[in-house]
Amino acid sequence: MSRGRLSAVISACAVISALTTTTLVCATPSSAHDHAGQEAATPAAGHRPGHAEPDEAAVLGKEHAEAHARTREQAQALADYPQPTRTARLKALTESQATTNKNFNPKDSGQFREYFPSPDFGAHIAQLPTGKVLLFSFERVETDPTKEPAPTNVIGPENAGRAYLWDPSKGTGTAAFTKVTPPSVVMPDGTGTARPAPFFCAGHAFLPNGMLGVFGGNLGGNGGTGAKLSLVFDPWTETWSMNEDMSVGRWYPSVVTGADGRQLIMSGQSELGWGTPTPVVERFPALNRPVPTSPTDTPRFVPVDRFKVDAPFKTDYPHLFSLRDGKIYGLGRDFDQQWLFDPVNETRADLPPRIDGTNRTYGSAVPLPGGFRGPDSVLVLGGDRNDPNTYQLVSGNKWKTQEPRAFGRTQDDTLLMPDGNLLTVNGAFDIRDYGNGPYNPNADLKYRQIETRDAQGDWKLGPVQRLPRGYHSNAVVMPDGRVMITGDELQQIANDPDIKDDMNGSIEIYEPAYLHNGARPDLGAVPMGPLAHDERFTVSTSSARDVKRAVLLAPTTATHSVNTSQRHIELRIKNVGSGQLELQAPPSSAAAPPGYYMLFLLNEEGVPSVAKWLSFGPARS
C-alpha cells in the first residue's frame with residue numbers, strides 16, 4: 001500500500017471514529033420507498049395537505065377552516081418531530097464538526113467557516129454570471145423529516161415550485177435572499193388550478209447569453225410524473241419566462257449545451273408516470289430559431305424540436321458532456337448504456353460499456369482538465385457505496401480504472417476547482433438510507449468528510465462539513481474561489497433551529513486550502529463584450545510577474561449529482577507586460593462552448609485571484 005493510500009485510510013478511520021462517538025437523537029424510521037431512489041408521498045384519499053374537512057368549512061368558512069387545518073398539521077408535525085430534537089441534532093453535529101476539524105490544518109486541507117439559514121432547500125442550484133446563486137426546489141408539504149416533504153404525488157396547487165437568489169455580497173442574513181417565484185401555470189392534472197411551476201427534479205443547463213434553461217418537472221402522481229415544462233431564468237432581470245411545452249413530459253431529465261450553443265434534452269420519466277422513461281431527445285431552441293446570445297435576448301414561447309435519434313436510457317439523469325471534439329457523451333448510470341451523439345449529423349454511436357460492470361445510483365462525473373484545447377476525457381466516480389474506484393473514459397473512447405477514493409459513496413458532488421484539482425463534498429450510503437430507514441435523518445456520518453484529488457490523481461481526505469447531505473445535495477464554486485454547499489431537504493428540516501420560520505434550508509461555506517496559502521494575485525479590468533474563439537485579449541493586473549496560470553472555469557448548475565456544465569480550460573499567456581497580461585482565448589467553440597466563464601489568475605502556489613466574468617460567442621460561420 002502506498003504512503004498516500006495508507007494516510008488516506010488512517011485519516012478515514014480516525015474521522016469515522018471521531019464522528020461515530022457523537023450521539024444523535026433518533027426518530028422512528030418510516031416506511032420504505034415505493035420505488036427505489038425516488039420521492040414518495042401519498043396523502044390520504046380525498047384530502048389535500050393544509051385543507052379543511054368539509055364539515056369544518058361549512059361552519060367556519062373555507063379560509064378560516066383552512067387556517068385551522070394548517071395549524072393542526074404544523075402542530076402534528078412538531079409532535080412527530082419536535083423542535084428540541086432538531087436543536088439537539090444540530091448542536092451535536094456542530095460540536096462534532098469542531099472537534100474533528102481540529103485535526104486538519106487549513107493550509108493543507110482548507111476549512112469550513114460559515115453556516116447559515118436559507119429560505120430554500122437547494123435541490124437545484126446555479127452559479128449565475130451576476131455573482132448571485134439561484135436555488136430552487138418545491139413548496140414543502142411536510143416538516144417531519146421521517147416523511148416525504150416534496151409534493152411528488154400531490155395533485156393540485158400544493159404541487160408547486162419555488163426559487164430564491166442568494167447574493168453573497170449582501171452577507172448571510174435574510175436580506176441577502178430574494179424570492180424569484182416561477183411563472184404561474186395551470187398543469188394538465190384535471191384540477192384547473194394555477195400554481196408556481198412545479199419544476200423540481202427538472203434538468204437544466206446554461207444558454208450562451210448566461211440564462212438558465214430549465215426543462216421538465218413534476219406533473220404529480222404515479223410516483224413521479226413528467227411535466228412538459230420549458231422555462232428560462234434570466235439572471236440579468238432576475239425573472240422567469242415560459243416557452244412552448246416539450247413534446248413529452250420529463251421527470252429527472254438531463255440537459256447539456258453543445259458547441260453550437262443549443263441544448264439537448266434527454267431522458268426522464270414521461271407524463272405516464274414512474275417506470276416510463278422517454279427515449280425522445282429534444283433540442284432547445286429549435287433549429288428554425290436563433291440561439292440567444294445577448295443578455296437582452298430572453299427566449300419566450302420558443303419551441304423545442306426533435307433530434308433525429310433517440311437516447312433509450314433505462315435510468316434517469318444520465319451524465320452528459322460536450323467534449324473538445326464537439327460531440328455529446330451520454331454516460332448512463334447503467335454500465336452498458338454509454339453513447340456518443342453527433343449534434344451536427346444527429347446520429348448516435350455506441351461507446352464501450354463501463355468496466356465496473358455494475359449499475360450506479362446518483363454519483364459524480366467530471367470532464368477532466370484538458371489544457372487549452374478543452375476536455376477530452378471524463379472521470380466517473382461515486383454512485384456505488386461498495387466501489388471506491390474512479391473510472392476514466394479517455395481519448396479514443398476506452399475506459400481505465402483510476403485511483404480510488406477512501407471509500408465508496410453515493411449522492412456525492414464533485415467539483416472542478418480553479419487550480420485543476422477536484423473536490424468531493426456530500427454523499428450517502430444510498431438514496432435515502434440514513435442509517436435507520438429511507439427517510440430517517442440519522443445519517444452515516446462518515447460521508448460528511450470531504451475528499452480532494454490532486455493533479456497526479458491522488459485522493460486525500462479532509463475536514464467534515466456540518467450537516468450530512470445526501471439526496472438532493474449540491475455545491476458550486478463561487479467567483480471568490482470558495483465553495484457553497486447546500487441541499488438535502490430532509491437533513492435541513494431535521495436540523496432546523498426554528499422549523500416555524502421560513503428559513504428551513506441551510507448553506508455552508510468551505511474555503512479550499514489555496515485560500516490559506518498567501519496573497520491572491522490581482523485581476524483588474526477584463527473585456528466586457530463577447531470574445532471570439534482563438535482571439536487574443538488583454539487583462540489588467542498588478543501581479544503580472546507573479547501570474548503563472550490563467551484558467552477559465554465554467555459556472556456550475558447541478559442537481560441529483562448531475563453537473564453537465566463543468567469545464568476547466570487553461571489559457572495561453574502570450575505576453576507579460578507592465579500591469580497587464582495578453583491571453584489567448586480557447587481555439588474553438590468545441591473547446592469552450594459559447595457562454596460565460598469565470599477567469600482566474602493563479603500564482604506559483606496555485607492561489608487564485610477573485611474571478612472576473614468573460615463571455616464567448618458562438619462559432620463564426
Side-chain angles (χ1 to χ4, degrees), residues 106-107 110 127-133 167-169 210 235 295 369-375 415-421 423 454-455 476-484 509-556 566-588 591-617:
K107 290 186 177 182
Q127 172 62 65
L128 301 175
T130 58
K132 299 179 182 180
V133 181
D167 184 351
S169 70
F372 67 91
R373 292 187 296 160
L415 297 171
L416 278 166
M417 306 302 288
D419 58 4
N421 292 345
L423 168 70
D454 62 20
V476 300
V477 179
M478 299 194 298
D480 61 8
R482 297 181 301 161
V483 176
M484 169 192 173
I509 302 297
Y510 170 70
E511 296 177 348
Y514 54 57
L515 295 182
H516 297 272
N517 282 282
R520 293 174 180 264
D522 167 65
L523 175 56
V526 301
M528 296 298 294
L531 294 166
H533 290 91
D534 215 31
E535 176 182 351
R536 294 191 181 190
F537 63 96
T538 300
V539 301
S540 67
T541 172
S542 61
S543 312
R545 301 295 174 185
D546 295 328
V547 171
K548 301 304 179 184
R549 299 168 65 190
V551 302
L552 297 177
L553 197 68
T556 283
Q566 292 200 90
R567 206 176 200 86
H568 182 284
I569 306 169
E570 299 277 347
L571 296 181
R572 287 174 164 169
I573 301 176
K574 304 303 292 186
N575 187 45
V576 178
S578 176
Q580 64 181 26
L581 295 174
E582 184 184 35
L583 307 175
Q584 187 167 4
S588 68
Y596 282 78
Y597 293 80
M598 293 180 282
L599 170 64
F600 290 94
L601 302 181
L602 292 89
N603 62 21
E604 190 171 17
E605 288 74 32
V607 180
S609 67
V610 174
K612 294 289 179 70
W613 291 92
L614 294 177
S615 66
F616 295 90

With a 4.5 Å limit on heavy-atom distance, are the side chains of [X] and [Y] in contact?
{"X": "Asp534", "Y": "Gln584", "value": "yes"}
{"X": "Tyr510", "Y": "Leu423", "value": "yes"}
{"X": "Pro129", "Y": "Pro555", "value": "no"}
{"X": "Leu614", "Y": "Phe537", "value": "yes"}
{"X": "Leu415", "Y": "Gln566", "value": "yes"}
{"X": "Arg567", "Y": "Leu553", "value": "no"}
{"X": "Pro527", "Y": "Val539", "value": "yes"}
{"X": "Leu583", "Y": "Ile573", "value": "yes"}

Check: [X] side chain, [Y] main-chain N or O, donor-acceptor pair, under 3.5 Å:
{"X": "Lys612", "Y": "Ala525", "result": "no"}
{"X": "Ser609", "Y": "Pro521", "result": "no"}
{"X": "Thr541", "Y": "Asp522", "result": "yes"}
{"X": "Arg549", "Y": "Glu570", "result": "no"}
{"X": "His533", "Y": "Ala585", "result": "no"}
{"X": "Tyr514", "Y": "Gly481", "result": "yes"}

Supply the atom-to-atom distance [X] [atom1] to [Y] [atom2], rounded to the nearest 0.5 angstrom.
{"X": "Leu601", "Y": "Ser543", "atom1": "CG", "atom2": "OG", "value": "8.0 Å"}
{"X": "Leu571", "Y": "Phe372", "atom1": "CG", "atom2": "CZ", "value": "11.0 Å"}
{"X": "Leu523", "Y": "Leu602", "atom1": "CG", "atom2": "CG", "value": "10.5 Å"}
{"X": "Leu128", "Y": "Trp613", "atom1": "CG", "atom2": "CH2", "value": "7.5 Å"}
{"X": "Asn421", "Y": "Asp454", "atom1": "CG", "atom2": "CG", "value": "6.0 Å"}
{"X": "Lys107", "Y": "Asn517", "atom1": "NZ", "atom2": "CG", "value": "6.5 Å"}

*Keeping to residues at least two apart or across chains, list the salt bridge (charged side-chain N to carboxylate O under 4.0 Å, His left out) pairs with something in residues 572-582.*
Arg536-Glu582
*Grab the two heavy atoms, one from Gly420 and one from Pro369, that are nearest each other, plus how far apart they are.*
O-CG, 3.8 Å
_Smallest separation among heavy atoms of Phe616 and Ala532, with atom names_ = CD2-O, 4.4 Å
*Check the pair Leu581 / Val576 against side-chain contact (heavy atoms from CB on, under 4.5 Å), numbers first and verdict last.*
CA-CA 5 Å; Leu581 295 174; Val576 178; 3.8 Å; yes
*With Met478, the side chain to side chain contact (heavy atoms under 4.5 Å, CB included) member among Ile509, Val483, Val610*: Ile509
*Is Glu605 atom CD crowded by more than 12 heavy atoms from other residues, nucleotides or ligands, each under 6.0 Å away?*
yes
*Determine whether more than 12 heavy atoms belonging to other residues, nucleotides or ligands lie under 6.0 Å from atom CZ of Arg520.*
yes
*Mind checking side-chain hydrogen bond (donor to acceptor under 3.5 Å, both in side chains) for Arg482 and listing every partner two or more places apart, or none if nothing turns up?*
Glu114, Asp480
*For Thr556, check side-chain hydrogen bond (donor to acceptor under 3.5 Å, both in side chains) against everything at least two apart and list the hits.*
Asn563
